[in-house]
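Worksheet: the structure to be examined is printed underneath.
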Amino acid sequence: MTLPVSLDETPRGTPAGAAGQRTYEVRTFGCQMNVHDSERISGLLEGAGLARVEGGQADVVVFNTCAVRENADNKLYGNLGILKAVKEARPDLQIAVGGCLAQKDRETILKKAPWVDAVFGTHNIGALPALLERARHNQDAQLEILESLDVFPSTLPTRRESVYAGWVSISVGCNNTCTFCIVPSLRGKERDRRPGEILAEIEALVADGAVEVTLLGQNVNSYGVEFGDRGAFAKLLRACGSIEGLERVRFTSPHPAAFTDDVIDAMAETPNVMPQLHMPLQSGSDRVLKAMRRSYRSSRFLGILERVRDRMPHAAISTDIIVGFPGETEEDFQATLDVVEQSRFATAFTFQYSKRPGTPAADLPDQLPKAVVQERFERLTALQDRIAREENAKQVGTVVEVLVTDQQGRKGGETHRLTGRARDQRLVHFSVPEGAAVPRPGDVVTLPVTEAASFHLLSDPAPEQYAVRRSRAGDAWDRSQADSCGVPASSDGTAGPDGAPRPVSLGMPSLPVRGAAS
């Protein structure tokens, strides 16, 4: 039997951050998959006896990296450079690098930053505690990169970043061959989880207080191909509709080439699947799409959007777009602008093409000058900002149901507005009428949209326009805050046992390590 690795000699049950207990910090770069992986990394480290801290004083710092764009490299090595002096002053500090960039750069990380203690890849997250302990024992850097997945990440312990919402991986890896993308070579071929395992994990999250889940995969709508069921993703969405207590289901990201009408039907007919879709366009030019090996054309993309809106008229659709792909002409770029104008995206994540060594596109001729790419990028963002503002303006006067989050808008401290997400994922900043009940993160408020901007909606409701529904997720938030403060919550979560107001934690809740459902 393999004994669990312990990175800390502190007795179990010692309060987090207690004297003598080693601490950790995870810094995440990249996509939702990386964020979810970081929850697993945190769970592993807490299972090994460490406590999480923030603010640069941790004994173990883990970078979970992205490799999609060049600035990810620069960000990592810049951060490692800053930590060099810290490591010299605190030799016991341990630094680990994982994720896509670690899978790609491997030994290069240790050559550029020999003060790093451990490097691990996307396929062996579970090895991190052992690598750190080995590095500490041997006083030597440890590098371990696997070429294929050893353990599906969802079988690892986790420390969730939210009590009211959770990520659930349905697959890892990708079978597509987009010429600009390095992910398939770093994450590997697609591996699908069995539906029963996924549903069991969702049920465990709901039992723990979550009311929203997001299904994750590099290409969610190809889910099921590995075990021979091309309709598996639509079936999975419908199955989520039968989970009691699960109020909101989202997913990311699908691929237009594999997106089928049975998924649209499942979305429209399953009440807890949200009227929101992220559908990556990448380019509106058929010539560029062919060069990208995207295996669909703009007419198919627009057709999907039309069918989605036919079944769900108020669906909000977001996208990804790359500007300046090698060989992109002004005519090609204009085609992208035309498709964006027709698509009426609620949100678009726009990127300037980044040349990634190891991808086919990196070797294509006609790499565009930076100035050309920048000018086109600015035109695209100006167009999308206008469209988003116009689409958000249509929401003014409507009544929205908002799941309150623990986040705060940039001006929240000045305006005293709280923040949440509408069912269609639009960001809503809202004020609480004087004398009205203040919602907790995880509670649901119903209110009118009174104003709109390009990136958010505003609501300043009158008392009679405002309603709060206290939820199991809000109760779970109260419990987590009481645990992190060391003060038992009252039955309604608002006060300690002596009736005094419960202390407020300004950070994320400190939750017990949770293992995924088997």
Side-chain angles (χ1 to χ4, degrees), residues 32 161-165 211-212 214 247-250 252 272 274-278 309 312-320 340-341 343-350 378 380-471 473-474 477 504 506-508:
Q32 294 96 330
E161 289 298 310
S162 167
V163 296
Y164 48 83
V211 294
E212 176 177 304
T214 301
E247 299 186 16
R248 298 186 175 195
V249 178
R250 307 186 190 277
T252 191
N272 63 357
M274 294 296 94
Q276 173 248 332
L277 177 66
H278 184 74
R309 286 171 171 149
M312 295 171 284
H314 302 296
I317 299 174
S318 57
T319 197
D320 297 328
V340 169
E341 187 73 68
S343 298
R344 309 298 296 178
F345 297 118
T347 306
F349 299 92
T350 53
E378 292 172 1
L380 173 61
T381 54
L383 171 63
Q384 176 54 38
D385 288 354
R386 172 180 63 78
I387 292 171
R389 188 167 56 253
E390 292 171 354
E391 292 300 304
N392 279 351
K394 295 177 184 178
Q395 304 297 312
V396 175
T398 64
V399 175
V400 293
E401 186 181 81
V402 176
L403 177 63
V404 182
T405 70
D406 59 343
Q407 299 166 345
Q408 190 176 57
R410 184 169 51 88
K411 297 181 180 179
E414 304 168 21
T415 63
H416 304 292
R417 288 190 177 102
L418 302 179
T419 295
R421 293 280 179 178
R423 287 171 58 83
D424 63 8
Q425 193 66 344
R426 283 183 165 92
L427 185 66
V428 182
H429 302 306
F430 64 95
S431 58
V432 177
E434 186 174 354
V438 178
R440 305 159 299 178
D443 286 340
V444 176
V445 295
T446 303
L447 32 72
V449 177
T450 56
E451 193 176 339
S454 293
F455 307 113
H456 62 264
L457 305 175
L458 293 176
S459 178
D460 292 313
E464 66 274 11
Q465 298 175 308
Y466 173 86
V468 178
R469 174 166 61 83
R470 294 173 69 85
S471 72
W477 169 265
V504 176
L506 299 180
M508 296 297 297

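In what follows, every heavy atom counts, from backbone to side chain, and hydrogens, waters and symmetry copies are set aside.
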Pair N392-R426, side-chain donor/acceptor within less than 3.5 Å:
yes

Taking all non-hydrogen atoms of both residues, which atom of V449 and which atom of Q395 are closest, and how far apart?
CB-O, 3.3 Å

Between R440 and D406, is there a side-chain N and carboxylate O pair less than 4.0 Å apart?
no

How far apart are the C-alpha atoms of V399 and T446, what are their side-chain angles, what is the distance that settles it, and do they pass the side-chain contact (heavy atoms from CB on, under 4.5 Å) test?
CA-CA 7 Å; V399 175; T446 303; 3.4 Å; yes

Take Y466 and V445 through the test side-chain contact (heavy atoms from CB on, under 4.5 Å) and record every step on the way to the result.
CA-CA 7 Å; Y466 173 86; V445 295; 4.1 Å; yes

Spacing of CZ belonging to R423 relative to CD belonging to E247, to within rounding of 0.5 Å:
9.0 Å

When rounded to the nearest 0.5 angstrom, what distance separates OG1 in T214 from CE in M274?
10.5 Å

Can you pull the ring pair (Phe, Tyr, Trp, His ring centres under 6.0 Å) pairs that have at least one residue in residues 431-451, sequence neighbours excluded?
none

Using the side chain to side chain donor-acceptor pair (under 3.5 Å) rule, pick out the option among T319, T347, D320 that qualifies with H278.
D320

Any idea which heavy atoms bring A388 and A346 closest together, and the distance?
CB-O, 3.5 Å

Shortest non-hydrogen separation from V432 to P439 and the atoms involved:
CG2-CD, 4.0 Å

When rounded to the nearest 0.5 angstrom, what distance separates OG in S471 from CG in L403?
7.0 Å

Closest non-hydrogen contact found for A473 with V211 is CB-CG1, 3.8 Å

Spatial distance of atom CD (E391) from atom CD1 (I317) [nearest 0.5 Å]:
10.0 Å

Establish, from distance only, whether the side-chain atoms of Q276 and R250 form a donor-acceptor pair under 3.5 Å.
yes

Separation of Y164 OH from T405 OG1 (nearest 0.5 Å)
4.5 Å

Testing the basics here: between A437 and V468, what is the closest heavy-atom pair and its distance to 0.1 Å?
O-CG2, 3.6 Å

Indicate the atoms forming the closest heavy-atom contact of Q384 with A348, along with that distance.
CG-CB, 3.6 Å

Identify which one of V404, V428, L427, V400 satisfies the side-chain contact (heavy atoms from CB on, under 4.5 Å) criterion when paired with R421.
L427

So, E341 and R386, do they make that salt bridge, N to O below 4.0 Å?
yes

Within the distance-only criterion (no hydrogens, no angle test), does the side chain of S343 pair as donor or acceptor with the backbone N or O of F345 below 3.5 angstrom?
no

Check: D385 main-chain N/O paired with S454 side-chain donor or acceptor under 3.5 Å:
yes

Candidate list L418, D460, L458, V402, test side-chain contact (heavy atoms from CB on, under 4.5 Å), partner H429, passing option
L458

Look up atom OG in S459 and atom CD in Q465, then write down how far apart they are to the nearest 0.5 Å.
7.5 Å

From CA spacing to verdict: side-chain contact (heavy atoms from CB on, under 4.5 Å), R344, R309:
CA-CA 11 Å; R344 309 298 296 178; R309 286 171 171 149; 4.2 Å; yes

